[in-house]
**Student:** 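Provided herewith is a single structure, encoded as structure tokens, for subsequent inquiry.
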There are 2 protein chains.
Amino acid sequence: MARHKVSIVDIAKKAGVSITTVSRVLNGKAEQYRISKKSQNKIRETARKLNYIPNQFAAGLKSGKSNTIALIIPSLSNPFFAEIASEINAEVRNRGYITIIGDSDEDRQIENEELLQMRSRNIEGLLIAPTGQNGSILKQLNDQGLPVVCIDRYFEELDIPYVSTDNYQGAVMATQHLLEYGHKRIACIQGKQDSVPNKRRIEGFKDAMKEAGIEPFSITGNDFSEQNGYKETKLILHKRQRPTAIFALSTTIALGCIKAMREENVAIPDDISLITFDDHPFLDYLATPLTCISQPTRDICRMAIKHLFFKLENKEIGEKQVLLKPELKYRKSVRNLL
Amino acid sequence: MARHKVSIVDIAKKAGVSITTVSRVLNGKAEQYRISKKSQNKIRETARKLNYIPNQFAAGLKSGKSNTIALIIPSLSNPFFAEIASEINAEVRNRGYITIIGDSDEDRQIENEELLQMRSRNIEGLLIAPTGQNGSILKQLNDQGLPVVCIDRYFEELDIPYVSTDNYQGAVMATQHLLEYGHKRIACIQGKQDSVPNKRRIEGFKDAMKEAGIEPFSITGNDFSEQNGYKETKLILHKRQRPTAIFALSTTIALGCIKAMREENVAIPDDISLITFDDHPFLDYLATPLTCISQPTRDICRMAIKHLFFKLENKEIGEKQVLLKPELKYRKSVRNLL
DNA sequence: AAAATTAGAACAAACGTTTGCGCTAAATAT
DNA sequence: ATATTTAGCGCAAACGTTTGTTCTAATTTT
């Protein structure tokens, strides 16, 4: 067993050519540099025989290229982001690049470290659903020529491209649906407060309520997690007056709501209605199929990728900041009070 | 804006020391090489000022280290594997390494390419839930000194460490539960046929049935996907005689079952009972809470990581191939026929 | 006062590629 | 027969680090 890692030098020696020639053949530049078929075959064959594995470190160091895109998301354990990761991964691979995924765990510090890690790995592009606090770093990266595209989360005040859902619109749709069905006491349980999607959803909720001339029952919570949904729902249910509907800002939160309501013997939608942001394959098969605002996740990913590669290839880009329309999926969790 | 990427050479010049010294300070080897506090401070400060980002390509090339662990799974869109990815990612990060994730999409060819990619990125360890056809390659890697640990899926005939669930036992538990409740016509819908977990589950199912002296109603399917579960359930429901229970070998499959049964107006568990492998937060809140065999995913990940790092650090390892006990979670989807 | 030790740091050779440029021999044009 | 082009390939200098070895001046020991 050869203990020594084989390099193109070994191939060159064995094939009786220069390392230059080996490099060119193995990089598909044989035609360009008119290497004879004979040499090509010889080289490719010895490479195979020797079990050659190119060393990206060396190649990357010299060429400055890495063929790598970074994806940083707040939480791989959130199905919404898991789906994004899956999509992005596939798309990127299709274009001959590979993805390295970072999970920031919603933590500014971790996100920052991931960012450093990624940069030191010479990534050529960055897709990120930012936690929200490292905006200036991202802006700087983008300005320095690293193509950055934000996904889902973004910065309104910074000139960084993004692709997301029209969260405001989505929240308005959800709220209006509730209002149309006669709900007046509507509690909203939110996720990460300083994330843009959350802010816009809250705005949409508030505006829709205001337009109807109704005060929100409550707006609480601070995390896109089941625990948060559970805790806030418990608190809500223990108030002297209960809402007639709850608007959860993610399926993870909604899951917590359902859990709390079941514990407290609150029926959905008979006692309290529930509507959520984000869709999920299971929602249709819950005890009460959950009405939701569905985000066009696939399209978001595709557009973001398209955007990114346009920048990588220096093509002209149209709209830099795009918001895609969400969709209201009517299921059974909202009761008509009229 | 400095167009030129700053290197330790720049720092050395500006700080008035050699690049050796810079390298040593920035790598935390200052004490070891007794660099004065003064130089240390100077170096660290100029590094910060110049916005220095280490170049992993260069460092890796020279040192041969990458601080990188690869994780290859069959499908990021399967919640079971998404959870694994999330766990692994966190654990690896805690140990100062970073994870690069590959999604093989259950495809032997893609898996192979991912493997090559990973190797050319000089990974120091590999965690993989293999598709099943690249065993010899993995064996070879492992023999060549790259620590490899299989997760969930593994190879029985090869001497590669693995951590998984006792799938046989799990299937036996599920089947016996069904049998104890008086079910005799039991259909099993399986996932990827040549994956070890699937094989062992099928074995467990068959053995438990045989022990009860009952023939399986049917064993069909070939993919851990919703589509597969849906299709096979549809087929089953159109047979002249229906089973009294279905054993789905994953939640994704179960989801397809539920969909098909709903379409055909089959009530769970009144008309047909359903039990599944794998747990999921939503299972408790489905129209019929789904009884399942829950895998100790967290423990699997932890043990796999522990194993991997033991090998990395050349520590002595105890058991190389471990199967963890699954757990039967009683919910409401199995009807007692007695 | 000479010898030995120690603190603090620098030299320079790798690591495995990529790539601009240059070279030779053969083929073709003049 | 000479000049030009072309086919086919190699030289050697990077890329930005890490690291074994060496060096000098200062300090301590004898």
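Every chain is numbered from 1 and lettered A, B, ... according to where its sequence line falls, protein lines coming before strand lines.
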**Student:** Only distances under 3.5 Å count here; give the side-chain donor-acceptor pairs of residues 92-101 of chain A to other protein atoms, sequence neighbours excluded, each with its distance to 0.1 Å.
**Tutor:**
| residue | atom | partner | partner atom | Å |
| --- | --- | --- | --- | --- |
| A/R93 | NE | B/E114 | OE2 | 3.4 |
| A/R93 | NH1 | B/E113 | OE1 | 3.2 |
| A/R93 | NH2 | B/E114 | OE2 | 3.0 |

**Student:** For A/I43 and D/dG8, what is the distance between atoms CD1 and C1' respectively, to the nearest whole Å?
**Tutor:** 11 Å

**Student:** Determine whether B/K139 and B/E157 satisfy the following criterion, salt bridge (Lys or Arg N to Asp or Glu O under 4.0 Å), listing intermediate values before the conclusion.
**Tutor:** CA-CA 10 Å; B/K139 172 74 172 121; B/E157 69 287 6; over 6 Å; no

**Student:** Please tell me if the side chains of B/V163 and B/K306 come closer than 4.5 Å, counting only heavy atoms from C-beta onward.
**Tutor:** no

**Student:** Atom CD of B/Q32 to atom P of C/dT6: distance rounded to whole Å?
**Tutor:** 17 Å

**Student:** Without decimals, in angstroms, what is the distance between B/Q56 CD and D/dT17 P?
**Tutor:**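 Roughly 11 Å, once rounded to whole Å.
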
**Student:** Heavy atoms, side chains only, cut-off 4.5 Å: are A/I300 and A/D152 in contact?
**Tutor:** no

**Student:** Are A/L76 and B/L76 close enough, and set up right, to give a side-chain contact (heavy atoms from CB on, under 4.5 Å), and what steps lead you there?
**Tutor:** CA-CA 10 Å; A/L76 245 184; B/L76 246 184; 4.3 Å; yes

**Student:** Counting only side-chain N and O atoms of A/K65, is one of them less than 4.0 Å from OP1 or OP2 of C/dT18?
**Tutor:** no

**Student:** Step by step, would you call A/L138 with A/L115 a side-chain contact (heavy atoms from CB on, under 4.5 Å)?
**Tutor:** CA-CA 9 Å; A/L138 294 175; A/L115 241 22; 4.0 Å; yes

**Student:** Summarise how protein sits on nucleotides 7-16 of chain C as a single string, 5' to 3': B when a protein heavy atom is under 4.0 Å from the base, S for sugar-phosphate-only contact, - for no contact.
**Tutor:** BBSBBB-BBB

